[in-house]
Amino acid sequence: MGKHKLFSVRNFFTLISVALVIVVIYLNWSDIIGTFEHLNEANLFVLLLLIPEQLYMYYACGQIFFSYLRQKYHQKFSKKEQVRVATELNFVTRAVPAGGIGGLAYLTYRFKPYGITAGQSSFLYIFRYVITTVVNYFQALVAVVVLAVLHQIPPEAMWVIWVAFLMNLGMFVALSLIIFVASSKKRIGFFAKLVVKVANGFMRVVTFGKVKCLTRCNKVEDYFMDIHESVKIVKQDKKVLKKPTLWGLAYSLLEVGAYWVVAISLGRPELLPVIMIGEAIGSVFDGIVPYGLYELGMAGVMIALGADEGVTLIIVMMTRVLTLLFTIITGWLPYYRVIQGKKDEAVNGGDA
């Protein structure tokens with residue numbers, strides 16, 4: 001019996017998650033050391049503001065999902081459970097190097113006890129990504145306008161204006177395409193068949209024909225039809241997105257706020273517009289890749305816009321390290337409890 005417990009699936013996933021966190025810490029070790037070396041340059045009392053700022057950011061992220069589920073599916077969640085799920089999801093998306101795919105998979109798993117299907121969870125996750133990306137790009141445009149009016153954009157950095165414009169245009173086109181496909185049962189059925197064909201074809205190639213079928217078309221169609229039904233519900237009652245959108249706005253502003261708090265602690269509050277632009281352009285990689293390109297892109301844009309290279313690197317590095325450590329500290333235990341099969345209060349009848 002002891003052997004069964006030792007080699008259980010839950011323990012396996014626990015060990016995997018621990019290993020991944022160790023990998024993340026190892027890959028960021030030089031930045032962690034660098035952060036603590038630069039702490040004497042920052043106002044520690046201002047840095048402490050990161051604690052409530054980050055906690056509220058987690059909560060805002062969770063409310064994007066919970067405010068929608070309460071309205072449309074009349075689900076009940078205790079306040080404790082809402083905070084717990086938010087910290088777990090933040091832990092998975094930020095501390096485990098799996099990009100946005102890991103977050104989507106975990107959200108699907110986490111909401112399953114509430115009767116939320118994979119398609120419905122995917123709709124919520126996509127909506128969260130879309131609304132936060134739209135806000136990021138819009139705030140980048142606002143920051144570009146502010147810097148242009150103040151004549152603070154170096155001539156060699158004028159490309160940033162075009163990048164910000166193209167990001168907004170690309171987001172509009174992508175969103176329109178998603179809505180176009182998801183709004184029609186016929187189009188989404190065609191898309192599901194295409195996904196199955198590509199996935200199975202890829203699997204046959206990489207396995208040299210040994211595995212001919214990765215997934216069945218009916219399962220994929222059911223998944224995309226769930227997304228279609230969610231889109232149809234939203235189109236019939238657009239008010240249901242009001243609260244999730246406001247929470248998405250708060251979440252996006254709080255993401256930028258973390259970098260600004262660190263900048264303020266270093267005596268550089270005037271860097272806010274540059275941070276807004278850098279974070280928006282860097283976020284193109286967020287949710288697609290793990291750590292690395294996001295921060296590198298952000299720092300590069302900030303430096304191109306005239307921010308001091310040394311200060312910029314410290315701000316980006318310090319924010320990344322402090323938020324990563326805080327994510328691990330606050331998220332590991334709730335995540336561990338779920339992996340070990342602890343019962344959720346909301347499933348057992350938590351208060352709304």
Side-chain angles (χ1 to χ4, degrees), residues 5-33 35-36 39 47-66 77-114 121 125 128 251 254-255 258 261-262 286-287 289-292 294-295 317-348 350:
K5 288 185 177 180
L6 181 64
F7 294 100
S8 68
V9 174
R10 287 171 177 163
N11 286 340
F12 171 76
F13 278 107
T14 300
L15 290 174
I16 289 295
S17 62
V18 169
L20 290 174
V21 170
I22 291 173
V23 168
V24 169
I25 294 176
Y26 173 77
L27 293 176
N28 289 275
W29 186 248
S30 61
D31 285 345
I32 293 174
I33 297 300
T35 293
F36 284 99
L39 279 179
L47 277 183
L48 286 175
L49 293 175
L50 280 175
I51 296 176
E53 194 271 348
Q54 286 290 287
L55 287 175
Y56 195 71
M57 188 186 79
Y58 301 167
Y59 185 74
C61 179
Q63 288 305 307
I64 298 174
F65 309 122
F66 292 124
F77 306 92
S78 67
K79 294 293 184 182
K80 187 176 180 180
E81 182 64 10
Q82 292 175 50
V83 173
R84 185 183 299 152
V85 172
T87 53
E88 291 165 20
L89 184 62
N90 188 71
F91 172 79
V92 172
T93 55
R94 290 176 178 266
V96 179
I101 296 175
L104 174 57
Y106 187 77
L107 187 71
T108 301
Y109 165 76
R110 196 62 173 83
F111 280 163
K112 187 176 180 181
Y114 301 106
S121 295
Y125 196 79
R128 174 246 178 176
Y251 174 76
L254 288 166
E255 274 194 313
V261 167
V262 174
D286 193 25
V289 297
Y291 290 100
Y294 173 39
E295 291 82 4
M317 174 184 68
M318 191 174 290
T319 306
R320 172 183 179 179
V321 168
L322 293 178
T323 54
L324 173 62
L325 294 178
F326 191 68
T327 294
I328 294 173
I329 292 170
T330 58
W332 165 249
L333 183 58
Y335 173 81
Y336 172 77
R337 286 175 55 84
V338 172
I339 292 299
Q340 291 300 312
K342 303 295 183 182
K343 295 294 183 180
D344 296 333
E345 291 180 11
V347 175
N348 295 326

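Keep in mind it's a predicted model, so treat the numbers as computed, not measured.
Residue T87 is tested with Y58, W332, Y59 for a side chain to side chain contact (heavy atoms under 4.5 Å, CB included); the sole match is Y58.
Separation of atoms CG (L50) and CE (M318) is listed at 10.0 Å; rounding is to 0.5 Å. If you take CE on M57 and CZ on F326, they are separated by 9.5 Å, rounding to the nearest 0.5 Å. Note that OG of S121 is 11.5 Å distant from CZ of R110, once rounded to the nearest 0.5 Å. Taking CD from E88 and OG1 from T330, the interatomic distance works out to 10.5 Å, rounded to the nearest 0.5 Å. With rounding to the nearest 0.5 Å, the separation of OG1 in T319 from CG in L47 is 8.5 Å. Put simply, CG on L325 and OG1 on T35 are 8.0 Å apart, with the number rounded to the nearest 0.5 Å.
Between F65 and F111, the ring planes lie perpendicular to each other; the angle is over 60°, past the 30° to 60° tilted range.
Shown here for Y114 and E81, the closest heavy-atom pair between the two residues is OH-OE2, 3.2 Å. Of all the heavy atoms in A258 and E53, the pair that sits closest is N-OE2, 3.2 Å.
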